[in-house]
Amino acid sequence: MKSNNSIKTVVAVGIGAALFFVLGRFVAIPSPVPNTNISLQYAVLALLAVMYGPVAGGLIGFIGHTLIDLSWGGTPWWSWVITSAFVGVIVGLFAKKLNVQEGEFGKGKVTLFTIANIVAHVIGWIVVAPVLDILIYAEPANKVFAQGAFAAISNTITAVIVGGLLVLAYTKTIAKKGSLDQE
């Protein structure tokens with residue numbers, strides 16, 4: 001049984017990284033902040049992180065963001081790649097508490113899902129990414145903190161609203177315990 005879960009997780013990482021890449025590369029919405037987009041891929045990351053946990057979430061963010069950066073013909077912007085992985089790990093840490101495989105996504109779980117995403121994106125984009133931008137690339141602080149603030153807000157909104165709708169749709173596909181007994 002354990003290897004079956006491992007196989008599912010590996011497949012989820014592959015599919016998740018591919019979806020993260022496609023959404024981030026081809027569906028990114030330009031923003032008024034330079035080199036920063038409104039990124040729908042964080043909705044998919046939120047869904048898969050709560051379904052498969054922190055390791056899968058981290059790998060999806062890391063691999064997917066690396067592929068996006070490589071597809072532009074340059075080298076990966078490691079500070080943001082690491083931050084995408086960080087977001088996946090943090091949201092994934094809430095997977096056991098959310099336990100979406102039960103098929104329940106009521107007010108309490110929606111609140112916890114929202115908190116997980118706010119914590120992950122705010123710390124990731126307002127602390128981790130700008131600090132790494134300064135340390136790795138010697139970027140100006142005012143530029144990277146402005147980018148980080150915009151990314152934190154837009155990615156949180158995307159993850160909570162679109163990701164929350166994806167989680168809700170997923171939980172609606174799961175048969176509740178005892179639901180077959182009632183028919």
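The first residue of the sequence shown is numbered 1, and numbering continues consecutively from there.
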Decide whether [X] and [Y] are clustered together by the hydrophobic rule: side chain heavy atoms of Ile, Leu, Val, Met, Phe, Trp, Tyr closer than 4.5 Å, transitively.
X	Y	value
V11	V50	yes
I134	W77	no
L112	V122	no
V10	F62	no
L19	V22	yes

Side chain to side chain donor-acceptor pair (under 3.5 Å): pairs with one or both residues in [range], sequence neighbours excluded:
range	result
residues 103-114	E102-K109
residues 145-173	none
residues 14-23	none
residues 51-71	R25-S71, H65-S84

[X] to [Y] - nearest heavy-atom pair and separation:
X	Y	result
Y137	S79	CE1-OG, 3.6 Å
P76	L70	CD-CD2, 3.7 Å
A152	H121	CB-O, 3.7 Å
G88	A49	O-CB, 3.6 Å
F105	G164	CE2-O, 3.6 Å

For this session: Taking Y42 for its side chain and I157 for its backbone only, find out whether a donor-acceptor pair lies under 3.5 Å.
Result: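 A pair under 3.5 Å: no.
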Exercise. Between Q101 and M51, is there a donor-acceptor pair closer than 3.5 Å when you use the side chain of the first and the backbone of the second?
Worked result: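 Looks like yes, one N/O pair under 3.5 Å.
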Problem set entry | Linked hydrophobic residues, F150 as query - side chain contacts closer than 4.5 Å |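 I29, V33, I38, listed by chain and number.
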Side chains of [X] and [Y]: closer than 4.5 Å at any heavy-atom pair?
X	Y	value
F86	I123	yes
V110	F113	no
L23	S39	no

Exercise. Who pairs with E139 by salt bridge (Lys or Arg N to Asp or Glu O under 4.0 Å), at least two apart in sequence or on another chain?
Worked result: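 Applying salt bridge (Lys or Arg N to Asp or Glu O under 4.0 Å) to E139 gives K143.
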For this session: Test W80 against every option in N35, T36, D133 by the side-chain hydrogen bond (donor to acceptor under 3.5 Å, both in side chains) rule and name the one that passes.
Result: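 In the set N35, T36, D133, the residue that makes a side-chain hydrogen bond (donor to acceptor under 3.5 Å, both in side chains) with W80 is D133.
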Problem set entry | Derivation and outcome, side-chain contact (heavy atoms from CB on, under 4.5 Å), residues I82 and L132 | CA-CA 9 Å; I82 290 165; L132 290 177; 3.9 Å; yes
